[in-house]
Amino acid sequence: MRILLAITLCAFAVGAGAQVYRWTDAQGRTHVTDTPPPASAKSVKKGGAATAATSPATAPQPTAQEPFAVQQAKTKFPVTLYTVPNCEGCNAARKLLNARGVPFKETSVTDATQMEEFKQVVGGNAVPAMIVGSTVQKGFEESAYQRLLDAAGYPATGIVPPRTQAAPAPSAPGLPEVKPVAQPDQPAGPYSPGATAPPPPIKKK
């Protein structure tokens with residue numbers, strides 16, 4: 001079954017404050033736009049403002065235990081997977097790569113900067129998109145993915161141990177460290193701040 005989710009990518013200048021909207025149309029297709037969705041849109045979600053930050057991505061796992069055939073294929077034909085959160089086809093693509101033991105880099109398209117990068121690299125608007133070497137496979141179709149990985153020399157499913165690479169986690173800005181304010185040295189004695197004032201002297205009659 002071919003699972004194809006389309007995201008609308010419009011040409012725009014990435015400026016401060018640009019808002020990203022993710023929504024589903026009546027046909028169940030997922031769209032990501034920088035303009036508000038129509039009134040008939042479902043599951044509308046607002047994304048973060050466009051920034052110049054690097055796209056959050058998961059890098060391939062360490063290569064120390066990778067079989068020689070996998071290392072060769074990865075060197076000649078590295079695999080990159082572009083996805084969006086909560087996408088059925090994206091989850092299926094990730095599951096296939098993990099089951100086959102293919103090392104891959106995954107980039108989650110969640111803001112305007114990543115959308116522009118996705119548009120330039122992939123040349124389309126369908127997710128997931130898998131790039132093997134310089135070949136782009138748009139959308140998810142299991143047989144097409146398998147043929148492309150076969151041609152790149154990756155071992156078939158079951159030949160090498162499966163992987164457990166998860167979807168990229170959303171990036172969160174680091175919070176500054178909070179330190180208590182240093183208190184100045186206080187004078188000691190009955191007249192120091194916070195000390196109890198002495199009682200008034202008793203007058204003798």
Side-chain angles (χ1 to χ4, degrees), residues 1-12 14 18-38 40-60 74 77-100 102-149 151-152 154 163-171:
M1 175 180 179
R2 180 164 183 165
I3 304 171
L4 185 61
L5 301 176
I7 56 174
T8 303
L9 299 172
C10 302
F12 58 86
V14 179
Q19 186 71 56
V20 177
Y21 299 85
R22 184 168 182 266
W23 49 278
T24 304
D25 62 21
Q27 287 72 40
R29 294 173 297 186
T30 300
H31 301 264
V32 179
T33 63
D34 63 326
T35 55
S40 60
K42 304 175 182 178
S43 303
V44 178
K45 294 181 180 180
K46 288 185 180 182
T51 64
T54 303
S55 302
T58 55
K74 186 177 69 172
F77 304 99
V79 176
T80 300
L81 182 66
Y82 283 90
T83 62
V84 293
N86 304 316
C87 161
E88 183 181 354
C90 303
N91 294 339
R94 186 185 309 109
K95 182 179 179 180
L96 183 149
L97 292 173
N98 276 326
R100 187 159 172 163
V102 175
F104 64 98
K105 173 186 175 183
E106 181 175 349
T107 297
S108 181
V109 183
T110 56
D111 65 29
T113 301
Q114 295 158 356
M115 287 170 59
E116 188 64 23
E117 175 192 331
F118 176 78
K119 179 181 176 181
Q120 293 176 359
V121 173
V122 175
N125 61 354
V127 290
M130 181 178 71
I131 304 177
V132 181
S134 59
T135 304
V136 178
Q137 173 64 41
K138 303 172 186 177
F140 176 72
E141 185 178 356
E142 182 175 353
S143 59
Y145 271 48
Q146 299 288 13
R147 288 195 301 270
L148 193 54
L149 295 170
Y154 285 97
R163 298 167 62 87
T164 57
Q165 186 166 316
S171 58

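Atom NZ of K74 is separated from atom OH of Y154 by 8.0 Å, given to the nearest 0.5 angstrom. Between the OG1 atom in T135 and the CZ atom in F77 there is a gap of 8.0 Å [rounded to 0.5 Å]. Atoms CG and NZ, on L81 and K105 in that order, are 11.5 Å from each other to the nearest 0.5 Å.
A search for ring pair (Phe, Tyr, Trp, His ring centres under 6.0 Å) contacts involving Y145 returns F140, not counting sequence neighbours. Here A129 pairs with Y82, F118, V122 under the side chain to side chain contact (heavy atoms under 4.5 Å, CB included) rule; sequence neighbours left out. Considering only residues two or more places apart in sequence or on other chains, S143 meets the side chain to side chain contact (heavy atoms under 4.5 Å, CB included) condition with E141, R147.
Scanning all heavy atoms of the two residues, the minimum distance from G123 to K138 falls at O-NZ, 3.1 Å. Across all their heavy atoms, V109 and P85 have their closest contact at O-CD, 4.3 Å. Shortest non-hydrogen contact noted between C90 and P128 is N-CD, 3.8 Å. Closest heavy-atom contact between V132 and A152: CG1-CB, 3.7 Å. Annotation for R163 and F104: closest pair NH2-N, 4.5 Å, computed over non-hydrogen atoms. Taking each heavy atom of Q165 and N98 in turn, the nearest pair found is O-ND2, 2.8 Å.
Counting heavy atoms from C-beta on, the side chains of E106 and L97 never come closer than 4.5 Å. You'll find the side chain of L96 reaches within 4.5 Å of the side chain of E142, heavy atoms only.
Looking at T107 and Q114, their side chains never bring a donor and an acceptor atom within 3.5 Å of each other.
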